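Structure, as structure tokens:
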Amino acid sequence: MSPITREDIGEIAVLSCDYPPVNALSHAVRKGYIDHLDAIRSDDAIKAVVVRCEGRTFHAGADITEFGKPPQEPHLPDVVMALETFPKPLVAAIHGTALGGGLEIALGCHYRIADPSAKVGLPEVHLGILPGAGGTQRLPRLAGVENALDAILSGRHVKMKEAAAWGVVDRLAGDDLKADAVAYAKEVVASGPRPTGDIELDGAKYDEAFFANFRKSIARKTRGFFAPEQCIRCVEAAVSLPLVEGLKKERQYFTECMQNPEAAAMRHLFFAERQVARVPGITKETKRRDIKKVGIIGAGTMGGGIAMNFANVGIPVTVLELNQEALDRGLGVCRKNWERSSRLTADDVAERVKYLSGTTNYEDLADCDLVIEAVFEKMEIKEQVFKKLDEVLKPGAIMASNTSYLDVDAIAAYTSRPSDVLGLHFFSPANVMKLLEIVRGKETADDVLATCLDMAKKIGKVGVVAGVCHGFIGNRMLSGYGREANLNVMKGAMPQDVDKAIFDFGMPMGPLTMADMAGLDIGYFNRQSMDRNSFDTRATDWLDRLVEGDRKGLKVGKGIYDYAEGSRAPVPSPEVEAIILEESAKLGLERTSISAEEIVERSIYALINEGAHILDEGIALRASDIDVVYVYGYGFPRYRGGPMHYADAVGLDKVYARLQEFASIDPDNWKISPLLKRLAEEGSSFAAFDQSR
Ligand code: 3HC
Ligand code: NAI
């Protein structure tokens, strides 16, 4: 049975699509449209048509599950063209989210009416493609070139008030969208069809300089991506060519996008983000605990940012500090951050501040439903805090640690209720970064985990479940990545060579610039407490020498790089280069030129290899979870889909062969993951591994 049904209301035919969950424009839906239009075309009793959807939303786009498979006729652009050229007026009735192909269907209709709460958008760029069913040609005609570029390049969901102001919809509906759409259709019978493609754009206004400026304005955000440039080219075509010619260009650029690895990578992430919530033992039926009040211990770098997340969504949050001064400082930073945000009005800030309070007294946290500890990374201090929390918190309260590396099971054991304890590892800045590692201890109760998964969503985070180990998923993988970067410097590359190679690969910054930003002294002190046989000192002795020479990083104006007064821009340092040469010589290493490709392989393959160990040990549930961690927590380029997807794209056989070469030189540093070896030998992939479980 077709997912599209027809109901005739007088002389108006109402086409309703019912294809859960989001009325995606699958083959059956597209065919349904063509079949119904054919029937209505020759039905003299019908004078106009309403196009609408049942369920939670208007069409949310093309059916992404069909991408990468052989396309089946009728194609979506042909359906939209069939709508636009239909001889009787068509009214789209929009509710929920008309996205991508969904909006393109609406743009193909001659008139549009919408529920005021609906949103529209062309989010294709987030899938590494472009609106390929006429969106790049019709939206500029209807909404104006500037607005269309904004929508297409940002992929954002545009609220109806704004969309209506752009002219995307003609009318807002009252309480009954369907009835209002039918009434509107009756009205437009007299006006007849009004094809969007007939609108002419003022080509002269949008000249080369206009588009050059636009390209410049988004260059930083779109560095390394393929699809955004193709989107812009399409809009250029819309401005300069008649609809049919513009559509041909759109098809050409769409096909190029589809063939680019970026599309597969971004599609992988789309599904990966939705997979993370699927966790063994957790179902819809799993009980949840109410989170009505939250406590945070420590108002430092992390505690303040974490608190902001809760106040942002209207959950009262109380921050506890050692003394009033530290508390005032921490809460002051939260306020300043809100005040600095261009998205917030003074009223928005006041509203948030209302939900934020402070204390130095544990008793004030007694009625909290969730308390997150973010004090110094020292087990003795965590012990004191958790013992105290155990004493004061009401039964059923969830206790979480934001520790980066420490053993969450050991922390849980300081309490009399380890099943209420877990890790909630936020990333800095905690009010901005979308990743939250949810660390499931060996005794963490299912309802505690389920509650925190829901809570992550509520505060706008992507929650990824990790098991307990040193550094969980993300930070554990970083150690090999950093080690290789540092070793490359000893073996022949200069810091700027390493950083440039990794930056050009697509990371937000190179590992050595990142180390300077974090402060070299952090790693230094950490190493002081470690057994020197437990890590490769060749990679770190030169850094220790920098710290001992007071080059602690950006905060003191000099580290691996020099920094001009008040500047954050790293400048290669002759002093450091001399130290590097001396330290290399001391190690007896013969410096050779290391290609950018090898620099990337060493650091990125170290990530992949550790990721495979983590997967094998069950610390991560899926390879795709690791990808989500790296994209959201560490800025791994989305267009590469995360380290594990990238490994699949390169080919595990190739990655494995290279790992073997590295292991033959530095066997202690490169313990090749047995899982990676097996998958490579079987000609398999991490994606296939995920699917097999
Ligand atoms: N195709 C296939 N499945 C889709 C889909 C799509 N376009 N959009 C969502 N789904 C699926 C999800 O995978 C999920 O499946 P699951 O339950 O099995 O995991 C289910 O629908 C519900 O999705 P969400 O969990 O994301 O539900 P939300 O309510 O949180 O969000 C939404 C709804 C805002 C519609 C969100 O799903 C979304 O943003 N979807 C993608 C929209 C999109 O990118 N559209 C453009 C597609 S490309 C295109 O149209 C090309 C054209 O120009 C030619
Ligand atoms: P920080 O040094 O900026 O802040 C710690 C705060 O805790 C200080 O304000 C201090 O006064 C307070 N504090 C110390 N002992 C306390 C106690 N007994 N009771 C109440 N308050 C106390 O440290 P930061 O960076 O915020 O780190 C906190 C935790 O978060 C650590 O476990 C760290 O590993 C983790 N983390 C840090 C990240 C970062 O990028 N800084 C990222 C993710 C996790």
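As the structure is a prediction and not an experimental result, all values here were calculated from the model. Position 1 is the first residue of the sequence, and the numbers go up from there. Both counts, for ligands and for their atoms, begin at 1 and track the order of listing.
Considering backbone and side-chain N/O atoms, G101 comes within less than 3.5 Å of an N/O atom of ligand 1. Between F67 and ligand 1, no pair of N/O atoms sits closer than 3.5 Å. The N/O atoms of F254, backbone and side chain alike, include none that comes under 3.5 Å of an N/O atom in ligand 1. Ligand 2 has an N or O atom lying under 3.5 Å from an N or O atom of T301, backbone or side chain. Any N or O atom pair closer than 3.5 Å counts here, and R278 shares at least one such pair with ligand 1. Below 3.5 Å of separation, one finds no N or O of F270 facing any N or O of ligand 1. Among the atoms of A62, some N or O lies under 3.5 angstrom from an N or O of ligand 1. The shortest N/O to N/O separation between E373 and ligand 2 does not fall below 3.5 Å.
Counting heavy atoms under 4.0 Å from ligand 2, residue Y405 does not touch it at all. Contacts between K382 and ligand 2 below 4.0 angstrom, taking non-hydrogen atoms only, involve the side chain exclusively. Under 4.0 angstrom from ligand 2, the non-hydrogen atoms of N402 come from both its backbone and its side chain. Counting heavy atoms closer than 4.0 Å to ligand 2, residue I381 contributes side-chain atoms (C-beta onward) but none from N, CA, C or O. Only side-chain heavy atoms of V22 come within less than 4.0 Å of ligand 1; its backbone N, CA, C and O stay farther off.
The ligand atoms of ligand 2 that sit less than 4.0 angstrom from a heavy atom of S428 are 40 (O). Proximity to I297 (heavy-atom distance under 4.0 Å) selects the following atoms of ligand 2: 19 (N), 20 (C). If you number the atoms of ligand 2 from 1 as listed, the ones under 4.0 Å from a heavy atom of F376 come out as 2 (O), 5 (C), 8 (C), 10 (C), 14 (C).
When the shell of 6.0 Å around NZ of K31 is examined, it contains 12 or fewer heavy atoms from other residues, nucleotides or ligands. Other residues, nucleotides and ligands contribute only 12 or fewer heavy atoms inside 6.0 Å of the NZ atom of K458.
In this structure, L127 has a heavy atom closer than 4.0 Å to ligand 1. Taking a 4.0 Å cut-off on heavy atoms, R56 registers as neighbouring ligand 1. Residue R329 places every heavy atom at 4.0 Å or more from ligand 2. Heavy atoms of G135 stay at 4.0 angstrom or farther from ligand 1. The closest approach between any non-hydrogen atom of F427 and ligand 2 is not below 4.0 Å.
Checking atom 4 (O) of ligand 2 against the protein gives a heavy-atom contact under 4.0 Å.
Summary of contacts: the protein heavy atom closest to atom 43 (C) of ligand 2 is F426 O, 3.2 Å.
Using a 4.5 Å cut-off on side-chain heavy atoms (C-beta onward), Y639 and N260 make no contact.
Using a 3.5 Å distance cut-off with no hydrogens or angles, the side chains of T359 and N361 do not pair a donor with an acceptor.
Looking at N23, its side chain does come within 3.5 Å of a backbone N or O of T57 through a donor-acceptor pair. Between the E250 side chain and the T136 main chain, a donor and an acceptor come within less than 3.5 Å of each other. Within the 3.5 Å criterion, the main-chain N or O of L621 finds a donor-acceptor partner in the side chain of R693. Side chain of E104 to main chain of G135: a donor-acceptor pair is present (N/O by atom type, distance under 3.5 Å, no hydrogens or angles). Although no hydrogens or angles enter the test, the distance criterion places no donor-acceptor pair under 3.5 Å between the side chain of E437 and the main chain of V439. Judged by distance alone, the side chain of N402 and the main-chain N or O of F426 form a donor-acceptor pair under 3.5 Å. With hydrogens and angles ignored, the 3.5 Å screen pairs no side-chain donor or acceptor of Q137 with any backbone N or O of G197. The main-chain N or O of R156 is found under 3.5 Å from a side-chain atom of S154 such that the two form a donor-acceptor pair.
In summary, K387 and E383 engage in a salt bridge, as defined by a charged side-chain N under 4.0 Å from a carboxylate O.
Between L406, V375, T403, it is V375 that holds the heavy atom closest to atom 31 (C) of ligand 2. The residue from L322, I372, L424, L327 that puts a heavy atom closest to atom 19 (N) of ligand 2 is L322. Between atom 36 (N) of ligand 2 and the options G305, A430, S401, S404, the minimum heavy-atom separation is to S404. If you check each of E124, H59, R274 against atom 38 (C) of ligand 1, the one with the closest non-hydrogen atom is R274. Counting heavy atoms only, M302 comes closest to atom 39 (C) of ligand 2 of the residues M302, H425, E377.
Paired with D627 under the rule side chain to side chain donor-acceptor pair (under 3.5 Å), one option of Q275, H268, R638, H645 passes, and it is H268.
Between H425 and F427, the distance separating the two ring centers is shorter than 6.0 angstrom.
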